[in-house]
2 protein chains.
Amino acid sequence: MLAKEEEHITNISYDSVIFGFNGKQLKILVLEYHNTGMFALPGGFVKKKESVDDAAKRGVRERTGLDKIHLEQFYTFGAPDRIDTEPVYNIARGLGEKINKDHWLLDRFISVGYYALLDYNKVKLTPDQFCDSINWYAIDELPKLMMDHKQIVDKALEALRANLERKLSSMNLLPEKFTMKELQTVYEVILDKELRRTTFQRKMLGLGILKRHEKLFTGAANKAPYLYSFDKNLVQSN
Amino acid sequence: MLAKEEEHITNISYDSVIFGFNGKQLKILVLEYHNTGMFALPGGFVKKKESVDDAAKRGVRERTGLDKIHLEQFYTFGAPDRIDTEPVYNIARGLGEKINKDHWLLDRFISVGYYALLDYNKVKLTPDQFCDSINWYAIDELPKLMMDHKQIVDKALEALRANLERKLSSMNLLPEKFTMKELQTVYEVILDKELRRTTFQRKMLGLGILKRHEKLFTGAANKAPYLYSFDKNLVQSN
DNA sequence: AAAAATTTGTGTATGATTTACGCATAGGTT
DNA sequence: AACCTATGCGTAAATCATACACAAATTTTT
């Protein structure tokens with residue numbers, strides 16, 4: 001069933017770019033609407049008495065099963081022509097509903113963009129009523145997204161990069177314990193450039209926020225790396 | 001006359017934090033509504049077919065007479081309780097208008113925040129129909145602002161500081177030509193800390209975006225400083 | 001006119017931080 | 001046991017920031 005006008009604020013939506021990291025690539029969650037072949041970012045509408053932040057959190061929770069995630073607002077997309085009515089008709093048709101020309105969902109929407117960083121392995125993907133599927137896609141292998149969702153992704157990536165150092169955004173992309181190499185790969189994939197191993201290690205250890213744990217024995221023919229975790233006591237504010 | 005519902009998108013507004021620099025202090029534009037004693041940021045509503053960016057630009061143009069200013073969107077304020085109905089009633093009363101409980105302006109508003117940097121001396125302040133006055137206030141001597149406008153200012157300042165180095169935001173706060181000392185003062189006032197003269201000068205010249213011009217003879221009993229300008233060819237993107 | 005006062009522009013020395021390189025060491029394979 | 005590979009860390013080189021100093025430029029004072 002389509003969202004009801006009387007419960008929501010018209011002309012306002014949110015879209016979320018949810019990043020995950022599979023050990024090699026940076027991925028984002030993309031969903032496919034029923035019977036339309038259309039791909040979109042997880043987004044939704046704001047209830048009358050709900051903050052935009054809460055609306056976005058609710059949307060992510062409903063779609064990933066994850067609670068207590070940190071969403072970062074990065075930009076608001078306010079162009080009057082960013083909305084295409086075609087996809088909306090398609091989605092409605094996919095749901096077996098009919099909508100009129102003056103339906104509120106066909107009007108323009110100003111969308112607040114959020115991004116989140118999740119531990120790829122912890123996310124249990126559960127397509128909701130609207131979607132055929134919800135899946136991780138590598139950011140350089142995205143399907144064609146509807147409307148301006150590709151621009152939203154680009155802008156989110158830009159914001160993520162800008163905040164990487166300042167906000168230690170990498171924290172939530174890795175499991176509790178990780179090797180220095182894994183951490184470095186996260187940085188390399190997000191920044192899309194290679195980093196010097198020794199420099200990186202020194203910088204990270206120099207921040208004084210990593211706790212060293214036991215070594216990780218993988219069975220590979222090499223020295224076993226230490227495992228580290230973020231010492232959340234030492235990571236102030238963010 | 002109050003803004004008309006039929007021309008605008010409901011529940012959406014913008015607020016702008018307009019920074020200027022008088023040579024000593026960082027200031028922002030604050031306006032006072034007719035007969036209310038209430039101070040607010042210049043803000044407004046979005047027309048049905050207008051982008052949010054354009055709405056904000058229009059608002060600033062109408063109030064400062066300045067065109068072609070660069071507005072930077074920094075945050076969207078989406079809490080459901082950020083709006084106080086009291087000020088709205090007051091503003092209406094100040095205009096001699098009466099509004100009902102269900103008037104669109106009394107509903108909740110999600111506000112997109114923008115900041116701009118202007119050359120203090122170029123701005124001709126022209127209060128519009130709603131306002132008694134529009135004036136520059138030093139950021140540490142602001143009057144009590146209505147609703148959550150103080151938080152909006154704080155957030156704008158935070159964004160300005162974070163972007164200062166990266167975006168050379170200082171560009172628009174100074175006249176075409178300026179001395180190194182003036183540029184340094186801008187940085188010092190925005191960052192709210194003193195900088196070392198020699199280090200600062202070296203860093204700025206090292207960026208390779210300053211053109212040196214003739215000297216400035218002020219009549220002071222000291223060596224005349226060079227005038228500089230930003231070489232816009234060399235300042236990429238921003 | 002010379003001296004004083006003041007501020008800019010730049011040279012140089014010192015210190016800190018980043019980057020580069022190398023290698024001992026640990027773990028695994030053959 | 002010999003060998004291969006990747007980590008962790010020592011150290012050198014290079015880069016960047018800071019401190020200090022001083023000459024040059026300008027007007028006022030003497």
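Both backbone and side-chain heavy atoms feed into the values below; hydrogens, waters and symmetry mates do not. These figures come from a predicted structure and were not determined experimentally. Convention: sequence-line order gives letters A, B, ...; per-chain numbering from 1.
By the 4.0 Å N-to-carboxylate-O rule, A:Arg58 lies close enough to A:Glu50 to be salt-bridged with it. For the pair B:Lys150 and B:Asp154, the salt-bridge criterion is met [side-chain N within less than 4.0 Å of a carboxylate O]. A salt bridge is absent between B:Asp15 and B:Lys155; no separation between the charged side-chain nitrogens and carboxylate oxygens falls under 4.0 Å. Using a cut-off of 4.0 Å between Lys/Arg side-chain N and Asp/Glu carboxylate O, B:Asp231 and B:Arg212 are scored as not salt-bridged.
Here the C1' atom of nucleotide C:dT7 and the CD atom of B:Gln201 are 11 Å apart, to the nearest Å. In this entry the distance linking CE of A:Met204 with C1' of C:dT19 reads 15 Å, nearest Å. Atom CZ of B:Phe200 and atom C1' of C:dT10 are 16 Å apart (whole Å). The CG-P distance, from B:Leu205 to C:dT8, rounds to 13 Å in whole Å. As rounded to whole Å, 11 Å separates atom P of D:dT27 from atom CG of B:Leu216. Rounded to an integer number of Å, the gap from CD of B:Gln184 to P of C:dT8 is 9 Å. To the nearest angstrom, P of D:dG8 lies 13 Å from NE2 of A:His213. If you take CD of B:Glu182 and C1' of C:dT7, they are 14 Å apart, rounded to a whole angstrom.
Using a 4.0 Å heavy-atom cutoff across all strands shown, A:Lys181 reaches sugar-phosphate atoms only and no base atom. B:Thr198 comes within 4.0 angstrom of a nucleotide base, judged by non-hydrogen atoms across all strands.
Residues forming a salt bridge (Lys or Arg N to Asp or Glu O under 4.0 Å) with B:Asp84 (at least two apart in sequence, or on another chain): none. The salt bridge (Lys or Arg N to Asp or Glu O under 4.0 Å) test applied to A:Asp192 returns no partner, not counting sequence neighbours.
In this structure, B:Glu214 places its CD atom where more than 12 heavy-atom neighbours from other residues, nucleotides or ligands lie under 6.0 Å away.
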Pairs under 3.5 Å (N/O, protein and nucleotides 26-30 of chain C):
unit_1, atom_1, unit_2, atom_2, d
C:dA26, N3, A:Lys223, N, 3.3
C:dG27, O4', A:Asn222, O, 3.3
C:dG27, N2, A:Ala221, O, 2.6
C:dG27, N2, A:Asn222, N, 3.4
C:dG28, O4', A:Ala220, O, 3.0
C:dG28, O3', A:Gly219, O, 2.8
C:dT29, OP1, A:Gly219, O, 3.3

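Both B:Met180 and A:Arg197 lie close to DNA chain C; mapped to their nearest nucleotides by heavy-atom distance, the more 5′-ward contact belongs to B:Met180.
Between the base of C:dG9 and the side chain of B:Arg202 there is no donor-acceptor pair shorter than 3.5 Å. Residue side chain B:Arg212 does not reach the base of C:dG9 through any donor-acceptor N/O pair under 3.5 Å, judged by distance alone.
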